[in-house]
Amino acid sequence: MTRIKFFKEESLPLEMHKVRIVQKLNLLPIEQRLKAINEAGNNTFLLKNRDVYLDMLTDSGTNAMSDRQLAAMMMADDSYAGSETYYRLEQAVFKFFNKSYFLPAHQGRACEHILAKTLVKPGDVVPMNYHFTTTKTHIELCGGSVIEVFKDEAVKITSEEPFKGDIDLDKLKKVIEEVGRDHIPFVRIEMGTNLIGGQPVSVGNIEEVKALCDAYNIPLMIDASLLTDNLYFNKVREESCKDLSIQEIAHRISACADIIYFSARKLGSAKGGGIVLADKDLYDKMKTLIPVYEGFLTYGGMSTREMEATAIGLEEATDIDMISHGPEFIAEFSRILQSYGIPVVTPSGGLGLHINAREFVSHIKGEEYQAASLAAAIYIVSGARGMERGTVSETKNPDGSEHIASCELVRLALPRRVFTLSQIRYLADRLAWLYENRHLIGGLKFTEEPEVMRFFIGRLAPVSDWQEKLVAKFKEDFGDSL
Ligand SMILES: *Cc1c(COP(=O)(O)O)cnc(C)c1O
């Protein structure tokens, strides 16, 4: 915690919780890790969790739960309609966002489905700071398209810009003027841009975007899935938030939004999601879709136990001790890796640590998937699984050639309150060894390539015997060590 000063230590991210339930982990010998990654088609999505030591694939549904959340789950009132649990969740949502209408849904992308279906017409354009995979797909399935209006700094790997997720107001204004407000159903701001390093958006920028939207009478939508990290970064990086409580910062943000939605798999540290609205007309328009696609209006596809946990999770999202844990662990992880000379995205953001694969394995061609190759190598040498966020996550060009991604990253997600500092230091140490031996890492090629979202279930193979050579060098240096 930044609020604590040390005597000998420079600074340490200090946990304000203790661990009371544990799950045993496996760290397989390296030969078995090599076998596991090849059985998984060199795609970390396809690894079995029993073969993984540190599961850093995602933070979706993997945050640790608190004793209060588990206790609340026992109070769940299981009725299809009108359950007490629903009203407790509704009250928690109203309090957290300071708004009056709520529609429950089973997860974040389900909210996107309902919102796109209600608001997006063929030919519409949705400006946003950065897209998320499922958001973009839902908008496109309704015949719309996405235009990104991020600041140039957003996609620079190393930067000093504290809020790389901010919208560029000039770009936004230009898009509105060119497209016309009638073809813009809403402007979307994603808190803590997922695909470019969990980078935050400043409250000041959100307020300016709202003023611009108001001038053109366009609704502003906020994707609050990664809001906790964003609240933390505004508290420590935004001058005008310094003296505000976390709840007050959340209210300043939500006051700008006409529409908010969130994944309770992230915000809420449980499973579920929901849409929060200020306007009754919009609520009435959408509410009929909830029983069709999600479930009755008082559960929306969520289990009552998860709804109870989400209600407490929202309350805990106003606690600086809770929300600082992720960003401060990521910053410490980043600091250690930078001290080893390993290229990472700076400043460090929320959600996870992002390695710049384009520089780490610059000898591999873009067409042989730098980030995917590095993600496979990281699993082999450490047992940790991250996620490729680069060319494999893109869709190919219409002529069949590769669309080389603007950033080629490996993301090591840090689900909140899950990993310890020694686990992070272990992984940083293995990454240092891998960086020193990076010339041994080779490329990958597809053996099975789905046409849609190939990154989820596509299978790849190494282009040479580089993985055997990597294992041989590891054994030479580490002997029988796991
Ligand atoms: C994860 C995520 C979603 C989707 O949420 P799910 O509950 O996983 O469907 C939407 N937006 C952002 C920014 C996310 O990070």
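All ligand and atom numbering here is 1-based and tracks the order in the structure. The shown structure was predicted, so the numbers you read here are calculated from the model rather than taken from an experiment.
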Between L412 and L431, is any pair of side-chain heavy atoms under 4.5 Å apart?
yes
Give me the nearest non-hydrogen protein atom to atom 6 (P) of ligand 1 as residue plus atom name, then the distance to 0.1 Å.
Q107 NE2, 3.4 Å
Measuring only between side-chain heavy atoms, which start at C-beta, is P104 closer than 4.5 Å to M307?
no
Carboxylate-amine/guanidinium contact D170 K173, below 4.0 Å:
no
Quick one: list whatever passes salt bridge (Lys or Arg N to Asp or Glu O under 4.0 Å) with E190, sequence neighbours left out.
R188
Under 3.5 Å, N or O to N or O, is Y261 touching ligand 1 that way?
no
Salt bridge flag under 4.0 Å for residues E315 and R68
yes
Quick one: does G108 get an N or O within less than 3.5 Å of an N or O on ligand 1?
yes
Any heavy-atom pair between the side chains of I37 and L47 that's under 4.5 Å?
yes
To which protein heavy atom is atom 12 (C) of ligand 1 closest, and what is the distance rounded to 0.1 Å?
D223 OD2, 3.3 Å
Please determine if R335 and E332 form a salt bridge, counting it only when a charged side-chain N lies under 4.0 Å from a carboxylate O.
yes
Of the protein's non-hydrogen atoms, which lies at the shortest distance from atom 1 (C) of ligand 1, and what is that distance?
K266 NZ, 1.3 Å
Contact region, M191 to ligand 1, non-hydrogen atoms below 4.0 Å, reads neither
Rounded distance (nearest 0.5 Å) linking atom CE of M16 with atom NE2 of H325
11.0 Å
With the threshold set at under 4.0 angstrom, would you say G273 reaches ligand 1 through any of its heavy atoms?
no
Within ligand 1, which atoms have a heavy atom of S60 less than 4.0 Å away?
8 (O)
List in chain and number order the residues that pass side-chain hydrogen bond (donor to acceptor under 3.5 Å, both in side chains) with D51, two or more places apart in sequence or in another chain; answer none if no residue qualifies.
none
For the 3.5 Å polar cut-off, considering only N or O atoms, please tell me whether R109 and ligand 1 meet it.
yes
Only heavy atoms of N194, strictly under 4.0 Å: list the atoms of ligand 1 that pass.
14 (C), 15 (O)
With heavy atoms only and a cut-off of under 4.0 Å, state how R265 meets ligand 1: side chain, backbone, both or neither.
side chain
Any idea which protein heavy atom is nearest atom 7 (O) of ligand 1, and the distance to it?
S263 OG, 2.6 Å
Top protein contact for atom 3 (C) of ligand 1, by heavy-atom distance
F132 CE2, 3.4 Å
